[in-house]
Amino acid sequence: MTVNDWPTQLRERGLRVTRQRLAVLEAVAANPHQPAEAVHAAVAEQLRDITIQSVYTVLHDLTSHDLLRRFDPPGRAACYETRTADNHHHAVCTVCGKIEDVDCVHGEAPCLEAPAELGMSIDVADVVFRGVCADCQQAQAQEHPRRAAA
Ligand SMILES: [Zn+2]
Ligand SMILES: [Zn+2]
Ligand SMILES: [Zn+2]
């Protein structure tokens, strides 16, 4: 596990080092792909008075300075992670909602070609993999042994 020097990273981006920002970065680094509510719950263990609104503000500031990346799982609240340096994708389990990182084969955005006749300058092609994770497949096989064997 890499240790992040958050105070330096904040200063490098011209952001003040605050306890709120450090606590949010640490919470998101420890548990990637968490929605704001979960980040708030984790941060509130250290900073008992922090409001959900402050957490939203911090998440927004850190995301706009590329210290956090925001991911919007289809039909669910936005999630945050500290892995910002690459153009990775996400795989979402449609049963339990688990989110996994998927390395991009191309490595940089956009990794899908848009047709030239579209006439748009494309920055990003969002790719979200959806399916059933290994744990849920196993649980389903145990619940429905015959169906799984068929
Ligand atoms: Zn699952
Ligand atoms: Zn990710
Ligand atoms: Zn890709």
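Counting starts at 1 for both ligands and their atoms, following the listed order.
One side chain, Glu81 or His90, offers a donor N or O that lies under 3.5 Å from an acceptor on the other. Side-chain atoms of Thr51 and Ser54 form a donor-acceptor pair, as typed in the model, at a separation below 3.5 Å.
Around the Zn ion (ligand 1), the protein atoms of type N, O or S found under 2.8 Å away are Cys93 SG, Cys96 SG, Cys133 SG, Cys136 SG, listed by chain and number.
Rounding to the nearest 10°, we obtain 100° for the angle at the Zn ion (ligand 2) between His88 NE2 and His90 NE2. Geometry note: the Zn ion (ligand 2) is the vertex, Asp101 OD1 and Glu81 OE1 are the arms, and the angle is 120° (rounded to 10 degrees).
Looking at every heavy atom in both residues, Cys79 comes nearest to Ile99 through SG-CD1, 3.8 Å.
The environment of CZ in Arg19 is sparse: at most 12 heavy-atom neighbours from other residues, nucleotides or ligands sit within 6.0 Å.
Ionic pairing of Asp61 and Arg21 is present here: one or more N-O contacts between side-chain nitrogen and carboxylate oxygen are shorter than 4.0 angstrom. Ion pair Arg69/Asp101 not flagged as a salt bridge, since none of the NZ, NE, NH1 or NH2 atoms sits closer than 4.0 Å to an Asp/Glu carboxylate oxygen.
The side chain to side chain contact (heavy atoms under 4.5 Å, CB included) test with Leu68 singles out one residue from Val39, Val58, Val28, and that residue is Val28.
Atom NE2 is the N/O/S atom of His89 found closest to the Zn ion (ligand 3).
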